[in-house]
Amino acid sequence: MDFIQASRGTRDILPDETLYWQHVEAVARQILQRAAYREIRTPIFEQTGLFERGIGEATDIVGKEMYTFDDRGHRSITLRPEGTAGAVRSLIENKLYAQGGVQRLWYTGPMFRYERPGAGRQRQFHQIGVELFGSRNPRADAEVIALAADLLQTLALEDWVLAINSLGSFEDRQDYRSALVRYLEPYKDDLDPDSQQRLYRNPLRILDSKDPNTQAIAQDAPKLQAFLSSESREYFEQVLHLLEALQIPYQLDHCLVRGLDYYTHTAFEFKLVELGTQGTLCGGGRYDRLVAELGGPEVPAVGWAIGLERLISLLQGRLDLDPVSPDVYLVARGQVAEEQSLTLARALQQRHFAVELDLSGSAFAKQLKRADRSGAPLCLVVGEAEAEAQQVQLKWLASGDQQMRSQAELMEQANILREKINLAKSPKRL
RNA sequence: GCGGGCGUAGCCAAGAGGUUAAGGCAGUGGAUUGUGGUUCCACCAUUCGUGGGUUCGAGUCCCAUCGUCCGCCCCA
(Lines give C-alpha, C1' and ligand atoms only; values in the text may rest on other atoms or scores of the structure.)
Protein backbone atom coordinates (compact mmCIF):
# COMPACT_ATOMS: atom_id res chain seq x y z
CA MET A 1 0.00 0.00 0.00
CA ASP A 2 1.51 3.29 -1.03
CA PHE A 3 -1.15 5.38 0.66
CA ILE A 4 0.29 8.33 2.55
CA GLN A 5 -0.93 8.36 6.12
CA ALA A 6 -1.20 11.25 8.54
CA SER A 7 2.21 12.03 10.09
CA ARG A 8 3.19 10.30 13.28
CA GLY A 9 1.71 12.03 16.28
CA THR A 10 -0.96 13.83 14.25
CA ARG A 11 -4.53 12.78 13.78
CA ASP A 12 -7.79 13.82 12.23
CA ILE A 13 -10.61 15.11 14.35
CA LEU A 14 -13.67 13.68 12.66
CA PRO A 15 -17.20 15.12 12.65
CA ASP A 16 -18.46 12.95 15.52
CA GLU A 17 -15.68 14.40 17.61
CA THR A 18 -15.75 18.00 16.42
CA LEU A 19 -19.10 18.12 18.15
CA TYR A 20 -17.20 17.94 21.45
CA TRP A 21 -14.55 20.40 20.35
CA GLN A 22 -17.19 22.91 19.40
CA HIS A 23 -18.90 22.43 22.72
CA VAL A 24 -15.68 23.04 24.66
CA GLU A 25 -14.83 26.06 22.56
CA ALA A 26 -18.29 27.51 23.03
CA VAL A 27 -18.22 27.02 26.80
CA ALA A 28 -14.71 28.44 27.07
CA ARG A 29 -15.52 31.45 24.92
CA GLN A 30 -18.55 32.20 27.06
CA ILE A 31 -16.77 31.87 30.38
CA LEU A 32 -13.74 33.86 29.31
CA GLN A 33 -15.68 36.59 27.60
CA ARG A 34 -17.80 37.26 30.63
CA ALA A 35 -14.62 37.68 32.67
CA ALA A 36 -13.48 40.31 30.14
CA TYR A 37 -10.86 38.17 28.41
CA ARG A 38 -10.38 38.87 24.71
CA GLU A 39 -9.15 36.42 22.13
CA ILE A 40 -5.73 36.79 20.55
CA ARG A 41 -4.52 34.82 17.54
CA THR A 42 -0.79 34.71 17.06
CA PRO A 43 1.16 32.85 14.36
CA ILE A 44 1.66 29.13 14.60
CA PHE A 45 5.37 29.52 13.94
CA GLU A 46 7.81 32.02 15.35
CA GLN A 47 11.51 32.63 15.21
CA THR A 48 13.28 29.88 17.11
CA GLY A 49 14.99 32.38 19.38
CA LEU A 50 11.69 33.44 20.88
CA PHE A 51 11.15 30.03 22.41
CA GLU A 52 14.79 29.52 23.33
CA ARG A 53 14.77 32.75 25.28
CA GLY A 54 11.22 32.57 26.53
CA ILE A 55 10.86 28.97 27.60
CA GLY A 56 14.45 28.50 28.63
CA GLU A 57 17.41 26.70 27.08
CA ALA A 58 17.54 24.19 29.89
CA THR A 59 14.00 22.92 29.50
CA ASP A 60 13.09 19.66 27.81
CA ILE A 61 10.87 21.51 25.40
CA VAL A 62 13.69 23.59 24.00
CA GLY A 63 16.33 20.92 24.48
CA LYS A 64 14.68 18.09 22.60
CA GLU A 65 11.08 18.66 21.67
CA MET A 66 10.90 21.58 19.28
CA TYR A 67 9.83 21.33 15.67
CA THR A 68 12.54 23.52 14.22
CA PHE A 69 13.54 23.99 10.60
CA ASP A 70 15.19 26.53 8.33
CA ASP A 71 12.88 28.27 5.91
CA ARG A 72 13.88 29.27 2.39
CA GLY A 73 15.31 32.52 3.68
CA HIS A 74 17.61 30.55 6.01
CA ARG A 75 15.78 31.74 9.10
CA SER A 76 15.40 29.28 11.92
CA ILE A 77 11.70 28.77 12.44
CA THR A 78 9.92 26.78 15.15
CA LEU A 79 6.35 25.59 15.33
CA ARG A 80 5.08 26.91 18.61
CA PRO A 81 5.39 24.38 21.45
CA GLU A 82 3.17 26.46 23.73
CA GLY A 83 1.15 29.64 23.62
CA THR A 84 2.65 32.00 26.14
CA ALA A 85 5.82 33.00 24.31
CA GLY A 86 3.88 34.10 21.24
CA ALA A 87 1.33 36.00 23.30
CA VAL A 88 4.09 37.81 25.13
CA ARG A 89 5.91 38.60 21.89
CA SER A 90 2.71 40.03 20.50
CA LEU A 91 2.04 42.04 23.63
CA ILE A 92 5.47 43.62 23.31
CA GLU A 93 5.46 44.06 19.54
CA ASN A 94 2.00 45.64 19.48
CA LYS A 95 2.55 47.53 22.73
CA LEU A 96 -0.66 46.15 24.14
CA TYR A 97 0.59 46.94 27.61
CA ALA A 98 0.23 50.61 26.74
CA GLN A 99 -3.53 50.35 26.40
CA GLY A 100 -4.16 50.63 30.09
CA GLY A 101 -3.02 48.69 33.05
CA VAL A 102 -4.36 45.21 32.57
CA GLN A 103 -4.63 43.04 29.47
CA ARG A 104 -6.71 39.91 29.72
CA LEU A 105 -6.12 37.62 26.75
CA TRP A 106 -7.05 34.10 25.76
CA TYR A 107 -6.08 31.91 22.85
CA THR A 108 -6.69 28.50 21.43
CA GLY A 109 -5.01 26.52 18.69
CA PRO A 110 -2.53 23.82 17.78
CA MET A 111 0.85 23.45 19.48
CA PHE A 112 3.72 21.21 18.40
CA ARG A 113 6.22 19.14 20.31
CA TYR A 114 8.43 16.45 18.87
CA GLU A 115 7.82 13.70 21.39
CA ARG A 116 6.91 10.07 21.40
CA PRO A 117 3.14 10.02 20.97
CA GLY A 118 0.83 8.19 23.34
CA ALA A 119 -2.65 8.38 24.71
CA GLY A 120 -3.39 12.02 25.50
CA ARG A 121 -0.16 13.12 23.89
CA GLN A 122 0.24 14.09 20.28
CA ARG A 123 2.94 15.90 18.37
CA GLN A 124 0.31 18.31 17.19
CA PHE A 125 -2.00 18.97 20.08
CA HIS A 126 -4.30 21.78 21.10
CA GLN A 127 -4.46 24.09 24.01
CA ILE A 128 -6.71 26.78 25.24
CA GLY A 129 -5.03 29.28 27.47
CA VAL A 130 -5.35 32.60 29.24
CA GLU A 131 -2.76 35.26 30.02
CA LEU A 132 -3.44 38.09 32.43
CA PHE A 133 -0.87 40.85 31.99
CA GLY A 134 -0.18 43.87 34.14
CA SER A 135 -1.22 42.90 37.63
CA ARG A 136 0.96 41.94 40.55
CA ASN A 137 -2.08 41.43 42.74
CA PRO A 138 -2.84 38.02 44.26
CA ARG A 139 -6.40 38.50 43.08
CA ALA A 140 -5.07 38.08 39.56
CA ASP A 141 -3.66 34.66 40.42
CA ALA A 142 -6.92 33.70 42.09
CA GLU A 143 -9.01 35.02 39.21
CA VAL A 144 -7.13 32.98 36.70
CA ILE A 145 -7.30 29.81 38.79
CA ALA A 146 -11.01 30.34 39.36
CA LEU A 147 -11.56 30.59 35.61
CA ALA A 148 -9.93 27.24 35.05
CA ALA A 149 -12.00 25.72 37.83
CA ASP A 150 -15.19 27.19 36.39
CA LEU A 151 -14.36 25.95 32.95
CA LEU A 152 -13.77 22.40 34.16
CA GLN A 153 -16.85 22.56 36.34
CA THR A 154 -19.07 23.77 33.52
CA LEU A 155 -17.80 20.97 31.36
CA ALA A 156 -18.98 18.46 33.95
CA LEU A 157 -15.45 17.66 35.12
CA GLU A 158 -15.56 17.95 38.86
CA ASP A 159 -13.11 15.45 40.24
CA TRP A 160 -9.93 17.42 39.68
CA VAL A 161 -7.24 18.15 42.21
CA LEU A 162 -5.60 21.54 42.22
CA ALA A 163 -1.94 21.28 43.20
CA ILE A 164 -0.27 24.57 44.00
CA ASN A 165 3.13 25.82 45.06
CA SER A 166 5.13 29.02 45.24
CA LEU A 167 8.48 29.23 43.50
CA GLY A 168 9.17 32.60 45.06
CA SER A 169 10.60 35.59 43.32
CA PHE A 170 13.39 35.27 40.82
CA GLU A 171 15.87 36.25 43.53
CA ASP A 172 14.47 33.71 45.99
CA ARG A 173 14.85 31.08 43.38
CA GLN A 174 18.43 32.01 42.55
CA ASP A 175 19.35 31.72 46.22
CA TYR A 176 17.60 28.42 46.55
CA ARG A 177 19.15 27.12 43.41
CA SER A 178 22.68 27.68 44.60
CA ALA A 179 21.88 26.15 47.98
CA LEU A 180 20.39 23.13 46.27
CA VAL A 181 23.37 22.65 44.01
CA ARG A 182 25.67 22.97 46.99
CA TYR A 183 23.69 20.26 48.78
CA LEU A 184 23.52 17.92 45.79
CA GLU A 185 27.09 18.19 44.56
CA PRO A 186 28.53 15.68 47.06
CA TYR A 187 25.94 13.13 45.94
CA LYS A 188 26.57 13.75 42.30
CA ASP A 189 27.62 10.19 41.48
CA ASP A 190 24.61 8.69 43.26
CA LEU A 191 22.05 10.59 41.24
CA ASP A 192 20.33 9.02 38.27
CA PRO A 193 21.81 10.01 34.89
CA ASP A 194 18.99 12.44 34.05
CA SER A 195 19.45 14.25 37.32
CA GLN A 196 23.20 14.42 36.89
CA GLN A 197 22.57 16.16 33.61
CA ARG A 198 20.29 18.61 35.32
CA LEU A 199 22.49 19.38 38.27
CA TYR A 200 23.78 22.66 36.85
CA ARG A 201 21.25 23.28 34.10
CA ASN A 202 17.97 22.83 35.92
CA PRO A 203 18.53 21.55 39.46
CA LEU A 204 14.98 22.23 40.67
CA ARG A 205 13.70 19.54 38.42
CA ILE A 206 15.79 16.97 40.27
CA LEU A 207 13.35 17.31 43.15
CA ASP A 208 10.53 15.55 41.38
CA SER A 209 12.67 12.80 39.91
CA LYS A 210 11.02 9.39 40.15
CA ASP A 211 14.30 7.58 40.68
CA PRO A 212 14.27 6.07 44.21
CA ASN A 213 17.91 6.88 44.94
CA THR A 214 17.55 10.43 43.79
CA GLN A 215 14.36 10.73 45.75
CA ALA A 216 16.08 9.58 48.91
CA ILE A 217 18.77 12.18 48.41
CA ALA A 218 16.22 14.86 47.60
CA GLN A 219 14.35 14.06 50.82
CA ASP A 220 16.86 15.94 52.90
CA ALA A 221 17.61 18.68 50.40
CA PRO A 222 17.00 22.23 51.50
CA LYS A 223 13.38 23.21 50.97
CA LEU A 224 12.39 25.94 48.58
CA GLN A 225 9.91 27.17 51.15
CA ALA A 226 12.74 28.09 53.47
CA PHE A 227 14.19 30.44 50.86
CA LEU A 228 11.05 32.42 50.17
CA SER A 229 11.34 36.02 51.25
CA SER A 230 8.69 37.22 53.64
CA GLU A 231 7.10 39.15 50.76
CA SER A 232 6.93 36.03 48.61
CA ARG A 233 5.54 34.03 51.45
CA GLU A 234 2.92 36.61 52.20
CA TYR A 235 1.96 36.85 48.56
CA PHE A 236 1.45 33.11 48.38
CA GLU A 237 -0.59 33.10 51.55
CA GLN A 238 -2.86 35.74 50.11
CA VAL A 239 -3.41 33.68 46.99
CA LEU A 240 -4.30 30.67 49.13
CA HIS A 241 -6.58 32.80 51.27
CA LEU A 242 -8.41 34.01 48.18
CA LEU A 243 -8.83 30.45 46.92
CA GLU A 244 -10.40 29.58 50.25
CA ALA A 245 -12.73 32.56 49.95
CA LEU A 246 -13.69 31.30 46.50
CA GLN A 247 -14.17 27.83 47.95
CA ILE A 248 -11.71 26.33 45.54
CA PRO A 249 -10.02 23.37 47.22
CA TYR A 250 -6.27 22.99 46.71
CA GLN A 251 -3.39 20.81 47.80
CA LEU A 252 0.00 22.29 48.61
CA ASP A 253 2.65 20.50 46.63
CA HIS A 254 6.11 21.68 47.48
CA CYS A 255 7.62 19.55 44.75
CA LEU A 256 5.58 21.19 42.01
CA VAL A 257 8.15 22.97 39.91
CA ARG A 258 6.73 22.99 36.37
CA GLY A 259 8.85 22.47 33.33
CA LEU A 260 9.24 25.98 32.07
CA ASP A 261 11.85 28.43 33.29
CA TYR A 262 9.71 31.49 33.32
CA TYR A 263 7.53 30.78 36.32
CA THR A 264 7.85 32.83 39.50
CA HIS A 265 5.71 32.76 42.63
CA THR A 266 2.49 30.85 42.04
CA ALA A 267 2.66 27.60 40.08
CA PHE A 268 -0.30 25.24 39.80
CA GLU A 269 -1.72 22.24 38.02
CA PHE A 270 -5.18 20.77 37.73
CA LYS A 271 -4.87 17.00 37.66
CA LEU A 272 -7.28 14.17 37.10
CA VAL A 273 -6.38 10.86 38.64
CA GLU A 274 -8.06 8.82 35.95
CA LEU A 275 -5.80 10.22 33.26
CA GLY A 276 -2.89 8.34 34.79
CA THR A 277 0.57 9.42 33.74
CA GLN A 278 -0.83 12.07 31.47
CA GLY A 279 -2.85 13.37 34.38
CA THR A 280 -2.22 17.08 34.09
CA LEU A 281 -5.16 18.76 32.47
CA CYS A 282 -4.22 22.35 33.07
CA GLY A 283 -0.92 23.90 34.05
CA GLY A 284 -0.03 27.45 34.80
CA GLY A 285 1.42 30.03 37.04
CA ARG A 286 2.84 33.49 37.41
CA TYR A 287 5.67 34.70 35.21
CA ASP A 288 6.60 38.20 36.22
CA ARG A 289 9.92 38.36 34.42
CA LEU A 290 9.09 36.93 31.04
CA VAL A 291 7.91 40.11 29.34
CA ALA A 292 11.04 41.97 30.36
CA GLU A 293 13.23 39.03 29.46
CA LEU A 294 11.82 39.05 25.95
CA GLY A 295 12.62 42.72 25.54
CA GLY A 296 9.47 44.38 26.84
CA PRO A 297 8.86 46.53 29.86
CA GLU A 298 8.46 45.07 33.35
CA VAL A 299 4.97 43.60 33.00
CA PRO A 300 3.90 40.94 35.49
CA ALA A 301 1.64 38.13 34.26
CA VAL A 302 -0.26 35.01 35.26
CA GLY A 303 -1.80 32.39 33.02
CA TRP A 304 -2.55 28.78 32.32
CA ALA A 305 -3.10 26.38 29.47
CA ILE A 306 -5.46 23.45 29.20
CA GLY A 307 -4.73 20.48 26.95
CA LEU A 308 -7.78 19.97 24.81
CA GLU A 309 -7.15 16.40 23.69
CA ARG A 310 -7.12 15.24 27.28
CA LEU A 311 -10.08 17.37 28.21
CA ILE A 312 -12.14 16.10 25.33
CA SER A 313 -11.29 12.45 25.81
CA LEU A 314 -12.65 12.79 29.34
CA LEU A 315 -15.72 14.62 28.15
CA GLN A 316 -16.60 11.96 25.64
CA GLY A 317 -16.95 9.49 28.46
CA ARG A 318 -19.21 11.72 30.51
CA LEU A 319 -21.20 13.95 28.29
CA ASP A 320 -23.60 12.67 25.69
CA LEU A 321 -23.94 15.39 23.09
CA ASP A 322 -26.79 14.97 20.66
CA PRO A 323 -25.63 14.86 17.09
CA VAL A 324 -26.96 17.74 15.06
CA SER A 325 -29.92 16.58 13.06
CA PRO A 326 -31.62 18.53 10.29
CA ASP A 327 -35.03 20.18 10.68
CA VAL A 328 -36.21 18.86 7.39
CA TYR A 329 -35.28 15.88 5.28
CA LEU A 330 -36.21 16.41 1.65
CA VAL A 331 -37.06 13.48 -0.54
CA ALA A 332 -37.78 13.49 -4.27
CA ARG A 333 -38.22 11.12 -7.15
CA GLY A 334 -38.47 11.89 -10.85
CA GLN A 335 -36.50 14.37 -12.88
CA VAL A 336 -38.74 17.42 -12.44
CA ALA A 337 -39.29 16.67 -8.76
CA GLU A 338 -35.60 16.22 -8.09
CA GLU A 339 -34.89 19.53 -9.73
CA GLN A 340 -37.62 21.25 -7.70
CA SER A 341 -36.35 19.67 -4.50
CA LEU A 342 -33.01 21.43 -4.86
CA THR A 343 -34.74 24.78 -5.26
CA LEU A 344 -36.99 23.99 -2.34
CA ALA A 345 -34.08 23.00 -0.11
CA ARG A 346 -32.28 26.23 -0.85
CA ALA A 347 -35.39 28.34 -0.25
CA LEU A 348 -35.90 26.66 3.12
CA GLN A 349 -32.25 27.04 4.05
CA GLN A 350 -32.49 30.73 3.27
CA ARG A 351 -35.37 30.83 5.72
CA HIS A 352 -33.01 29.34 8.30
CA PHE A 353 -34.20 25.75 8.27
CA ALA A 354 -31.57 23.03 8.43
CA VAL A 355 -32.38 20.94 5.39
CA GLU A 356 -30.84 17.70 4.22
CA LEU A 357 -31.54 16.82 0.62
CA ASP A 358 -31.65 13.20 -0.44
CA LEU A 359 -29.61 12.93 -3.60
CA SER A 360 -30.08 9.25 -4.28
CA GLY A 361 -33.21 9.24 -6.43
CA SER A 362 -33.88 5.76 -5.11
CA ALA A 363 -37.29 4.33 -4.15
CA PHE A 364 -39.32 6.39 -1.68
CA ALA A 365 -39.16 3.56 0.81
CA LYS A 366 -35.37 3.87 0.92
CA GLN A 367 -35.42 7.63 1.06
CA LEU A 368 -37.96 7.58 3.89
CA LYS A 369 -35.77 5.18 5.78
CA ARG A 370 -32.90 7.60 5.49
CA ALA A 371 -35.20 10.46 6.51
CA ASP A 372 -36.01 8.54 9.64
CA ARG A 373 -32.37 7.91 10.45
CA SER A 374 -31.41 11.53 9.87
CA GLY A 375 -33.33 12.46 13.01
CA ALA A 376 -35.27 15.19 11.23
CA PRO A 377 -38.80 15.61 12.59
CA LEU A 378 -40.22 16.53 9.21
CA CYS A 379 -39.87 14.90 5.83
CA LEU A 380 -40.91 16.73 2.68
CA VAL A 381 -41.87 14.51 -0.20
CA VAL A 382 -41.88 15.70 -3.79
CA GLY A 383 -42.99 13.06 -6.29
CA GLU A 384 -43.96 13.46 -9.88
CA ALA A 385 -47.56 14.38 -9.01
CA GLU A 386 -46.51 17.03 -6.47
CA ALA A 387 -43.94 18.46 -8.85
CA GLU A 388 -46.58 18.72 -11.55
CA ALA A 389 -48.92 20.64 -9.21
CA GLN A 390 -46.16 22.71 -7.52
CA GLN A 391 -47.04 21.00 -4.29
CA VAL A 392 -45.22 19.20 -1.53
CA GLN A 393 -46.21 16.51 0.92
CA LEU A 394 -45.40 17.21 4.58
CA LYS A 395 -44.82 14.05 6.54
CA TRP A 396 -44.25 14.25 10.31
CA LEU A 397 -42.03 11.32 11.01
CA ALA A 398 -42.98 10.72 14.63
CA SER A 399 -46.72 10.40 14.00
CA GLY A 400 -46.83 9.62 10.32
CA ASP A 401 -49.31 12.46 9.78
CA GLN A 402 -49.25 13.89 6.31
CA GLN A 403 -50.51 17.06 4.69
CA MET A 404 -50.40 18.36 1.14
CA ARG A 405 -49.36 22.01 0.68
CA SER A 406 -48.54 24.12 -2.29
CA GLN A 407 -44.87 25.05 -2.34
CA ALA A 408 -45.75 28.73 -2.16
CA GLU A 409 -47.92 28.11 0.87
CA LEU A 410 -45.10 26.27 2.57
CA MET A 411 -42.85 29.30 2.29
CA GLU A 412 -45.55 31.66 3.50
CA GLN A 413 -46.15 29.51 6.53
CA ALA A 414 -42.50 29.22 7.40
CA ASN A 415 -43.05 30.66 10.88
CA ILE A 416 -45.72 28.15 11.78
CA LEU A 417 -43.52 25.39 10.44
CA ARG A 418 -40.64 26.62 12.51
CA GLU A 419 -42.70 26.38 15.68
CA LYS A 420 -43.90 22.88 14.91
CA ILE A 421 -40.38 21.73 14.22
CA ASN A 422 -39.05 23.27 17.41
CA LEU A 423 -41.80 21.56 19.35
CA ALA A 424 -41.00 18.22 17.76
CA LYS A 425 -37.30 18.68 18.37
CA SER A 426 -37.53 19.77 21.99
CA PRO A 427 -36.46 16.99 24.30
CA LYS A 428 -39.24 14.79 25.55
CA ARG A 429 -40.11 15.23 29.20
CA LEU A 430 -41.68 12.65 31.40
C1' G B 1 15.09 8.32 23.31
C1' C B 2 14.52 3.21 26.15
C1' G B 3 11.33 -1.33 27.54
C1' G B 4 6.75 -4.07 26.36
C1' G B 5 1.72 -5.20 23.95
C1' C B 6 -1.18 -4.83 19.57
C1' G B 7 -2.45 -4.21 13.89
C1' U B 8 -8.10 -9.31 10.26
C1' A B 9 -14.05 -5.12 6.05
C1' G B 10 -16.34 1.64 7.57
C1' C B 11 -16.84 -0.24 13.09
C1' C B 12 -16.66 -4.48 16.82
C1' A B 13 -14.58 -9.09 16.20
C1' A B 14 -13.58 -15.19 15.62
C1' G B 15 -9.31 -17.40 13.87
C1' A B 16 -3.36 -20.52 17.67
C1' G B 17 0.98 -23.68 10.25
C1' G B 18 -3.43 -27.14 6.17
C1' U B 19 -7.64 -23.26 2.38
C1' U B 20 -14.67 -21.81 1.70
C1' A B 21 -10.99 -15.88 6.18
C1' A B 22 -16.84 -17.23 11.37
C1' G B 23 -20.35 -13.78 13.46
C1' G B 24 -22.49 -8.92 14.70
C1' C B 25 -23.33 -3.61 13.52
C1' A B 26 -23.37 -0.30 9.49
C1' G B 27 -24.04 -0.11 4.02
C1' U B 28 -26.33 -1.56 -0.90
C1' G B 29 -30.33 -4.07 -3.70
C1' G B 30 -35.00 -6.64 -3.30
C1' A B 31 -39.87 -8.58 -0.87
C1' U B 32 -42.90 -3.12 -0.85
C1' U B 33 -42.50 -0.38 -9.50
C1' G B 34 -45.05 6.70 -4.42
C1' U B 35 -44.16 6.28 1.80
C1' G B 36 -39.97 5.14 7.17
C1' G B 37 -39.02 3.01 12.21
C1' U B 38 -40.42 -4.23 12.68
C1' U B 39 -39.47 -8.52 9.64
C1' C B 40 -37.39 -11.62 5.67
C1' C B 41 -33.91 -12.60 1.47
C1' A B 42 -29.48 -11.49 -1.28
C1' C B 43 -24.92 -8.85 -1.80
C1' C B 44 -20.79 -6.74 0.92
C1' A B 45 -12.12 -9.02 2.65
C1' U B 46 -8.91 -12.98 -4.51
C1' U B 47 -7.09 -11.25 1.45
C1' C B 48 -5.33 -10.41 7.10
C1' G B 49 -0.81 -2.61 8.20
C1' U B 50 3.55 -2.92 4.65
C1' G B 51 8.07 -5.46 2.75
C1' G B 52 11.04 -9.64 2.95
C1' G B 53 12.11 -14.70 4.85
C1' U B 54 11.16 -19.98 6.79
C1' U B 55 7.82 -23.95 4.86
C1' C B 56 5.07 -28.58 0.24
C1' G B 57 1.69 -24.90 2.58
C1' A B 58 1.69 -18.48 6.49
C1' G B 59 -3.71 -14.32 8.93
C1' U B 60 -1.12 -17.90 12.15
C1' C B 61 6.32 -18.72 12.77
C1' C B 62 10.93 -15.27 11.98
C1' C B 63 13.12 -10.43 10.56
C1' A B 64 12.52 -5.51 9.13
C1' U B 65 9.40 -1.34 8.64
C1' C B 66 5.13 1.84 9.52
C1' G B 67 1.26 2.94 12.80
C1' U B 68 -1.00 2.56 17.52
C1' C B 69 -1.39 1.60 22.82
C1' C B 70 0.98 0.90 27.83
C1' G B 71 5.23 1.95 31.09
C1' C B 72 9.79 5.15 31.74
C1' C B 73 11.20 10.23 30.66
C1' C B 74 8.55 14.63 30.23
C1' C B 75 4.50 17.47 29.63
C1' A B 76 -1.03 19.75 28.01
Side-chain angles (χ1 to χ4, degrees), chain A residues 1-11 14 16 55 59-65 80-84 108-129 148 192-195 197-198 202 205 208-211 214 256-260 269-272 275-284 303-314 329 331-334 337 358 360-388 393-402 404:
Chain A
M1 213 213 320
D2 56 356
F3 171 74
I4 299 172
Q5 300 171 278
S7 301
R8 183 170 165 82
T10 71
R11 55 179 211 116
L14 300 174
D16 284 341
I55 300 171
T59 61
D60 284 348
I61 293 180
V62 172
K64 55 181 194 188
E65 294 172 0
R80 61 182 185 195
E82 52 97 60
T84 300
T108 186
M111 308 292 164
F112 304 84
R113 290 184 200 171
Y114 194 91
E115 285 186 283
R116 182 133 176 186
R121 177 193 290 161
Q122 258 90 46
R123 288 183 176 177
Q124 174 174 340
F125 63 102
H126 298 77
Q127 290 185 330
I128 183 161
D192 62 279
D194 274 343
S195 296
Q197 289 279 313
R198 290 189 179 121
N202 202 350
R205 289 278 308 286
D208 58 4
S209 165
K210 307 283 186 301
D211 181 82
T214 305
L256 178 63
V257 172
R258 312 263 322 130
L260 315 181
E269 287 181 355
F270 286 81
K271 302 184 192 192
L272 266 107
L275 281 177
T277 337
Q278 268 84 59
T280 305
L281 241 195
C282 170
W304 48 249
I306 290 178
L308 290 178
E309 275 77 5
R310 287 177 194 178
L311 181 68
I312 283 161
S313 79
L314 286 166
Y329 194 93
V331 142
R333 195 160 161 77
D358 194 308
S360 71
S362 48
F364 275 120
K366 296 294 171 192
Q367 296 198 52
L368 260 296
K369 190 171 179 162
R370 267 179 236 119
D372 197 53
R373 297 217 167 155
S374 77
L378 178 64
C379 181
L380 294 183
V381 183
V382 190
E384 286 176 12
E386 289 86 351
E388 189 71 26
Q393 191 95 235
L394 280 70
K395 185 179 180 84
W396 296 94
L397 289 164
S399 60
D401 293 346
Q402 245 171 266
M404 188 73 92

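In what follows, chains carry the letters A, B, and so on, assigned in the order in which the sequence lines appear, proteins first and then strands, with residues in each chain numbered from 1.
Nearest nucleotide to the side chain of A:K395, out of B:rU35, B:rC73, B:rC75: B:rU35. Comparing B:rC75, B:rG34, B:rC73 by their nearest atom to the side chain of A:F364 picks out B:rG34. When the nucleotides B:rG34, B:rA76, B:rG1 are ranked by their closest atom to the side chain of A:R116, B:rG1 comes out on top. Ranking B:rU35, B:rG1, B:rC74 by closeness to the A:Y114 side chain, first place goes to B:rG1. With distances taken from any side-chain atom of A:T280 to the nucleotides B:rU35, B:rC66, B:rA76, the minimum falls on B:rA76. Residue A:R205 has its side chain nearest to B:rC75 when only B:rG34, B:rU35, B:rC75 are considered.
Taking the C1' atom of each, B:rG23 and B:rU8 are spaced 13 Å apart, rounded to whole Å. The gap from the C1' atom of B:rU54 to that of B:rC62 amounts to 7 Å, rounded to the nearest Å. Nucleotides B:rG10 and B:rG27 place their C1' atoms 9 Å apart, quoted to the nearest Å. Separating the P atom of B:rU50 from that of B:rG34 is a span of 44 Å, rounded to the nearest Å. Going from the P atom of B:rA22 to that of B:rA14 covers 15 Å, rounded to whole Å. B:rA31 and B:rG36 have their C1' atoms separated by 16 Å, given to the nearest Å. Look at the P atom in both B:rG7 and B:rC48: the space between them is 14 Å, to the nearest Å.
Contacts of A:Q124 with the nucleic acid, taken as non-hydrogen atoms under 4.0 Å apart, are absent. Counting non-hydrogen atoms under 4.0 angstrom, A:I306 reaches nothing in the nucleic acid.
Judged by closest nucleotide on RNA chain B, A:G383 is the one of A:G383 and A:Q127 placed further toward the 5' end. Nearest-nucleotide mapping onto RNA chain B: of A:R8 and A:Q122, the residue sitting toward the 5' end is A:R8.
If you take NZ of A:K271 and C1' of B:rC74, they are 13 Å apart, rounded to a whole angstrom. Atom CD in A:Q402 sits roughly 14 Å away from atom P in B:rG34 (whole-Å rounding). Here the P atom of nucleotide B:rG37 and the CD atom of A:Q367 are 14 Å apart, to the nearest Å. Distance A:E82 CD to B:rA76 P: 8 Å, rounded to the nearest Å. Look at CG on A:L272: it is 16 Å from C1' on B:rC75, rounded to the nearest Å. Here the C1' atom of nucleotide B:rC2 and the CD atom of A:E115 are 15 Å apart, to the nearest Å. When rounded to the nearest whole Å, the span between CG of A:L378 and P of B:rU35 equals 18 Å.
Of all nucleotides present, none satisfies the Watson-Crick or G-U wobble test against B:rA13 with each distance under 3.5 Å. Within the shown strands, B:rC72 is the pairing partner of B:rG1 under the Watson-Crick or G-U definition, both distances less than 3.5 Å.
Under the rule for a side-chain contact (heavy atoms from CB on, under 4.5 Å), the partners of A:S399 that lie at least two apart in sequence or sit in another chain are A:W396, A:D401.
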List the protein contact pattern of nucleotides 25-30 of chain B with one symbol per nucleotide (5' to 3'): B for base contact, S for sugar-phosphate-only contact, - for none; contact means a heavy-atom distance under 4.0 Å. -SSSSB
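For the pair A:R123 and A:F112, the cation-pi test (distance below 6.0 Å, angle within 45°) is failed.
One cannot find a donor-acceptor pair under 3.5 Å joining the base of B:rG1 and the side-chain atoms of A:E65. Contact annotation: side chain of A:R113 to base of B:rC74, donor-acceptor pair absent below 3.5 Å.
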